[in-house]
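Beneath this line is the structure, given in structure tokens, with notes to follow.
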Amino acid sequence: KAFDKKNFNTLKFFLKKKKKYKKVILFAATFQIPDIIIKLIKLSPKNWLWLIRPHPRHTDLQKIKLTFRDNDIFNVDFEFASKVNLNSVLNNITHFITEVSSTFYDSLYFNVPSIVLQKDNNLFKKKIQSGNLKFSLNKDEIIRFIMKKKITKDKNKILSKPIYALNAVKKIISKIN
């Protein structure tokens, strides 16, 4: 129960903090932070909050924090995105970015406009047609996509009951096939 209370407090603190920002962008890091993310954050308005969710097995969080500090970037948050369940995070963001993470399927399920930092999009043509997925390595294109693209009104939500999560996973898998 202490774990749940801690996560609840993290969520509560984040929801209060989030009100100050126009956009909340999640970057799901697989290894380290690519240069384009640093450039995007520096180019973005200060009223955009960037959440960094490092991969639990492949990322050195301390090194990432130093990277941002060394670049004088302070509109980033690691706590919420790293400690709270991914579904809760996706319910509280406006945009999602990744290099190569299957979590973008989750973001699309939640109808969150998403960007994959890759040029090759052959595997995802159907997802691109939905208008909620962009493949790009061009920082200006990405900034324009974030500025223009708003979260879909019919945002899906996963409730905390296990049966709902199981049904959501089945729905995601059926869309992949």
Side-chain angles (χ1 to χ4, degrees), residues 6-30 32-56 59 61 64-65 67-69 71-118 127 130-160 165 168 172:
K6 182 179 176 185
N7 283 337
F8 176 75
N9 288 336
T10 301
L11 177 60
K12 188 176 166 182
F13 176 77
F14 174 77
L15 292 175
K16 186 176 180 180
K17 178 179 182 176
K18 163 182 152 172
K19 291 177 184 179
K20 300 176 192 173
Y21 295 93
K22 185 173 183 173
K23 304 275 185 182
V24 179
I25 301 118
L26 171 64
F27 175 68
T30 304
Q32 295 302 320
I33 304 298
D35 290 339
I36 191 169
I37 292 296
I38 300 296
K39 290 174 185 172
L40 286 169
I41 296 172
K42 284 184 169 188
L43 279 173
S44 69
K46 297 300 174 210
N47 65 350
W48 290 10
L49 177 62
W50 292 78
L51 305 179
I52 308 299
R53 185 179 177 101
H55 192 284
T59 312
L61 185 57
I64 290 173
K65 286 181 178 182
T67 299
F68 286 104
R69 191 191 74 206
N71 281 281
D72 294 322
I73 296 174
F74 302 103
N75 56 331
V76 294
D77 182 281
F78 303 92
E79 299 302 314
F80 175 70
S82 300
K83 293 184 178 179
V84 175
N85 176 290
L86 180 62
N87 298 327
S88 295
V89 175
L90 292 171
N91 276 323
N92 287 288
I93 63 171
T94 60
H95 295 80
F96 175 84
I97 301 176
T98 189
E99 283 181 294
V100 56
S101 173
S102 62
T103 55
F104 92 88
Y105 283 110
D106 299 290
S107 72
L108 293 177
Y109 175 78
F110 283 85
N111 292 320
V112 175
S114 302
I115 299 165
V116 179
L117 300 175
Q118 300 288 330
K127 298 295 181 189
S130 76
N132 259 1
L133 178 62
K134 176 121 184 109
F135 281 76
S136 182
L137 288 169
N138 181 300
K139 61 186 182 317
D140 296 324
E141 258 184 19
I142 294 169
I143 290 288
R144 280 193 303 275
F145 181 82
I146 293 171
M147 287 180 142
K148 288 181 182 177
K149 194 68 184 164
K150 294 188 172 142
I151 196 146
T152 307
K153 289 181 182 177
D154 300 332
K155 188 173 181 182
N156 293 313
K157 298 199 184 294
I158 295 179
L159 303 175
S160 61
I172 291 168

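FYI, side chains are in, hydrogens and waters are out, and symmetry mates aren't considered; it's all heavy atoms of this structure. We number each residue from 1, following the sequence as shown. Note that the structure is predicted; figures quoted are calculated from it, not measured.
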Sequence neighbours left out, cut at 3.5 Å: what donor-acceptor pairs do the side chains of residues 33-52 make with other protein atoms?
from: Lys42; atom 1: NZ; to: Asn71; atom 2: OD1; distance (Å): 3.4
from: Ser44; atom 1: OG; to: Ile41; atom 2: O; distance (Å): 2.8
from: Ser44; atom 1: OG; to: Trp50; atom 2: NE1; distance (Å): 3.1

Is there a side-chain contact between Ile115 and Phe96 in this structure, where contact means two heavy atoms from C-beta onward sitting under 4.5 Å apart? no
Is it the case that the side chain of Thr94 and the backbone of Val24 share a donor-acceptor pair, with hydrogens and angles ignored and the cut-off at 3.5 Å? yes
For Glu141 and Ser136, work out which heavy atoms get closest and say how close. OE1-OG, 2.6 Å
Listed partners of Asn75 passing side-chain hydrogen bond (donor to acceptor under 3.5 Å, both in side chains), at least two apart: none
Heavy-atom pair of closest approach, residues Lys17 and Asp77: NZ-OD2, 2.9 Å
Residues passing the ring pair (Phe, Tyr, Trp, His ring centres under 6.0 Å) test with Phe13, sequence neighbours excluded, are none
The salt bridge (Lys or Arg N to Asp or Glu O under 4.0 Å) partners of Asp106 (sequence neighbours excluded) come to none
Identify, with sequence neighbours excluded, every residue that meets side-chain hydrogen bond (donor to acceptor under 3.5 Å, both in side chains) alongside Lys18. Asn92
Could you tell me whether a side-chain N or O of His95 sits under 3.5 Å from a main-chain N or O of Ile146, the two making a donor and an acceptor? yes
If you measure from OH on Tyr109 to CG on Asn87, what distance do you get to the nearest 0.5 Å? 9.0 Å
Do Asn91 and Ser88 have side chains that get closer than 4.5 Å, going by heavy atoms? no
Contacts of Phe80 meeting ring pair (Phe, Tyr, Trp, His ring centres under 6.0 Å) (sequence neighbours excluded), chain-then-number -> Phe14
Roughly how far, to the nearest 0.5 Å, is CG of Leu108 from OG of Ser114? 4.5 Å
Is Glu99 close to Val116 at the side-chain level, that is, under 4.5 Å between some pair of heavy atoms? no
By side-chain hydrogen bond (donor to acceptor under 3.5 Å, both in side chains) - contacts of Thr98 (at least two apart): none
Check whether any side-chain heavy atom of Leu117 lies under 4.5 Å from a side-chain heavy atom of Phe27, and answer yes or no. yes
Using the test side-chain hydrogen bond (donor to acceptor under 3.5 Å, both in side chains), find all partners of Lys22 that sit at least two apart in sequence or belong to another chain. none
Closest contact, heavy atoms only, Leu26 versus Arg53: CD1-CB, 3.7 Å
Counting C-beta onward and ignoring hydrogens, is there a side-chain heavy-atom pair between Ile97 and Ile25 closer than 4.5 Å? yes
